[in-house]
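First listed ligand is number 1; within each ligand, the first listed atom is number 1.
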Amino acid sequence: MSQMTNETLANNGRMLFIECDNLVKIYKVADLEVVALQGLDLLVREGEMMALVGPSGSGKSTLMNILGGLDFPTAGRVRVGTHNLLDMTSRDQVKYRRHMVGFVWQQTARNLLPYLTARENVELPMALAGFPGRERHERSKDLLERVGLADRMGHRPDRLSGGEQQRVAIAVAMANRPAMLLADEPTGEVDSASAEAIFQALRTLNQEFGVTVIIVTHDMTVATRVDRVVGMRDGRTSTEILRRRDGDIAISEEEFAILDRTGRLQLPEAYIDALDMEDRVRLRLEPDHIGVWPEANPQGEMSSSDNQEAQQ
Ligand code: ADP
């Protein structure tokens, strides 16, 4: 990329791959407007494997559809690699979907053709993109081996378990060497052992091809399997769980609230409820933190001893 700025270099030296800045999506249904994304900010580094979690209706699918080039945002800024997604023609969008993105959907039927074998399913997108037969054959074998299905290549989907079908779907999504894999609830319909194998397949491809992976999930064990979990609420990113690693070993997990560029912060619902906070809060700047009190709580005001300290 020619216009590399400090902003596009993330702190660990990896390039920023996705930048969403104040992203807005409004759906118009008859006379009603539904604001699905309301000023969402998100940065994702190249080669990161991250998860999006959040209650139903918080905007996860809307964000995935925009990142996947299936839908246009209403306002804001969104860049993926060198593509500005707000400024694409329908033709650019088709190219973008074909070369940049691989999709894995929750419903296995949406991912695979039932009358083709696993290997033929993986070869199909390559055939449509014009890859020669030999390359298709080699790559489909290689991908199916990497997702642990070397002995299932000749099976049609109805001879595979749900989890195996999802792993074939992951291989299909990788067929045309996309820069990014988007997986919407890939483990939603399988048992926990199959879920483990699906996450493992995604991790293997992430590590071996450097593909950036974003997973929408309700699976609460996801935090142990990805680099970062971003929580969404009301059309915005609200929390992040980061894992600190020492080599391959995760040593701790820490939850953060997200502070956006204009200084907005969402307090966790449980904290607000616990202290009955409403409408307004008191803030106080301390040397190394900021205190937040309910409006009615006088502790948020400076006590007379604090005043004396401040005056000294
Ligand atoms: P999630 O994936 O987190 O469940 P969605 O992105 O599906 O959330 O939905 C966010 C909000 O946008 C919801 O209020 C939903 O009803 C609305 N929404 C999503 N898609 C459409 C659409 N095609 N038309 C109208 N409203 C939509």
Side-chain angles (χ1 to χ4, degrees), residues 18-44 48-80 85-86 88 90 93-94 96-97 100-111 166 169-170 173 180-190 195 198-199 202 212-223 225-226 228-241 255-258 260 264-270 272:
I18 299 174
E19 273 184 274
C20 300
D21 190 5
N22 209 4
L23 196 59
V24 174
K25 175 68 188 180
I26 299 172
Y27 290 108
K28 291 200 173 68
V29 185
D31 289 342
L32 277 182
E33 287 194 343
V34 181
V35 186
L37 298 180
Q38 34 191 330
L40 173 134
D41 294 321
L42 178 70
L43 301 176
V44 182
E48 203 179 337
M49 175 156 162
M50 61 160 293
L52 277 178
V53 300
S56 175
S58 56
K60 303 179 302 291
S61 305
T62 301
L63 176 60
M64 293 288 261
N65 286 342
I66 290 174
L67 293 177
L70 297 171
D71 206 348
F72 285 111
T74 310
R77 220 161 61 93
V78 51
R79 178 182 71 80
V80 178
L85 304 196
L86 229 78
M88 278 201 299
S90 307
Q93 216 183 24
V94 172
Y96 172 84
R97 280 204 296 265
M100 288 290 284
V101 196
F103 288 101
V104 182
W105 307 102
Q106 176 176 359
Q107 306 87 346
T108 47
R110 195 170 169 185
N111 295 311
Q166 284 305 64
I170 292 167
M180 165 169 75
L181 265 191
L182 300 178
D184 199 349
E185 292 280 0
T187 60
E189 292 178 351
V190 302
I198 290 169
F199 280 118
L202 288 167
T212 304
V213 180
I214 304 184
I215 306 164
V216 164
T217 185
H218 278 105
D219 189 332
M220 292 319 283
T221 63
V222 71
R225 309 173 201 258
V226 293
R228 182 164 65 122
V229 180
V230 171
M232 284 188 63
R233 225 170 83 196
D234 302 332
R236 289 200 189 107
T237 48
S238 60
T239 52
E240 278 196 24
I241 300 174
E255 182 162 350
F256 296 88
I258 294 181
D260 77 12
R264 279 179 307 195
L265 176 75
Q266 271 197 336
L267 297 175
E269 232 160 41
I272 296 174

Q.
Just to be sure I read this right, does ligand 1 sit under 4.0 Å from the backbone of V34, its side chain, both, or neither, counting only heavy atoms?
A.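 V34 to ligand 1: side-chain contact only, backbone stays beyond 4.0 Å.
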(Q) I want to know if ligand 1 touches G59 in the polar sense, i.e. an N/O pair below 3.5 angstrom. (A)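 Yes, G59 has an N/O under 3.5 Å of an N/O on ligand 1.
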Q. When only distance counts, is V29 in polar contact with ligand 1, meaning an N/O pair under 3.5 Å?
A.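 No, there is no polar N/O contact under 3.5 Å.
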[atom] - nearest protein heavy atom and its distance:
{"atom": "atom 19 (C) of ligand 1", "value": "Y27 CE1, 3.4 Å"}
{"atom": "atom 4 (O) of ligand 1", "value": "G57 N, 2.7 Å"}
{"atom": "atom 7 (O) of ligand 1", "value": "S61 CB, 3.8 Å"}
{"atom": "atom 6 (O) of ligand 1", "value": "T62 OG1, 2.5 Å"}
{"atom": "atom 12 (O) of ligand 1", "value": "A36 CB, 3.3 Å"}

Q: State, to 0.1 Å, how close M64 and V216 come at their nearest heavy-atom pair, and which atoms those are.
A: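 Heavy atoms of M64 and V216 come nearest at CG-CG2, 3.5 Å.
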Q | Minimum heavy-atom distance G235-L40, with the two atoms named | A |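 Result for this residue pair: O-CB, 3.7 Å.
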Side-chain ([X]) to main-chain ([Y]) donor-acceptor, under 3.5 angstrom:
{"X": "K25", "Y": "V34", "value": "no"}
{"X": "T74", "Y": "I26", "value": "yes"}
{"X": "K60", "Y": "G54", "value": "yes"}
{"X": "R77", "Y": "D21", "value": "no"}

For [X], counting its heavy atoms only, list the atoms of ligand 1 lying under 4.0 Å from any of them.
{"X": "S56", "value": "4 (O)"}
{"X": "S58", "value": "1 (P), 3 (O), 8 (O)"}
{"X": "K60", "value": "1 (P), 2 (O), 3 (O), 4 (O), 6 (O), 8 (O)"}

(Q) Among all the protein's heavy atoms, is there at least one whose distance to atom 2 (O) of ligand 1 comes out below 4.0 Å? (A)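 Yes, there is one.
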Q.
Quiz question for you: does at least one protein heavy atom lie closer than 4.0 Å to atom 15 (C) of ligand 1?
A.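 There is no protein heavy atom less than 4.0 Å from atom 15 (C) of ligand 1.
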Q: Could you check V44, V229, T212, V226 and say which one makes a side-chain contact (heavy atoms from CB on, under 4.5 Å) with M50?
A: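 Answer after filtering V44, V229, T212, V226: V44.
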Q: Could you tell me if any non-hydrogen atom of P55 lies under 4.0 Å from any atom of ligand 1?
A: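 So P55 counts as touching ligand 1.
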Q.
To the nearest 0.5 Å, what is the distance between CD1 on I170 and CZ on F103?
A.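 Going from CD1 on I170 over to CZ on F103, the span is 15.0 Å.
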Q | Separation of L23 CG from L42 CG (nearest 0.5 Å) | A |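 That separation rounds to 9.5 Å.
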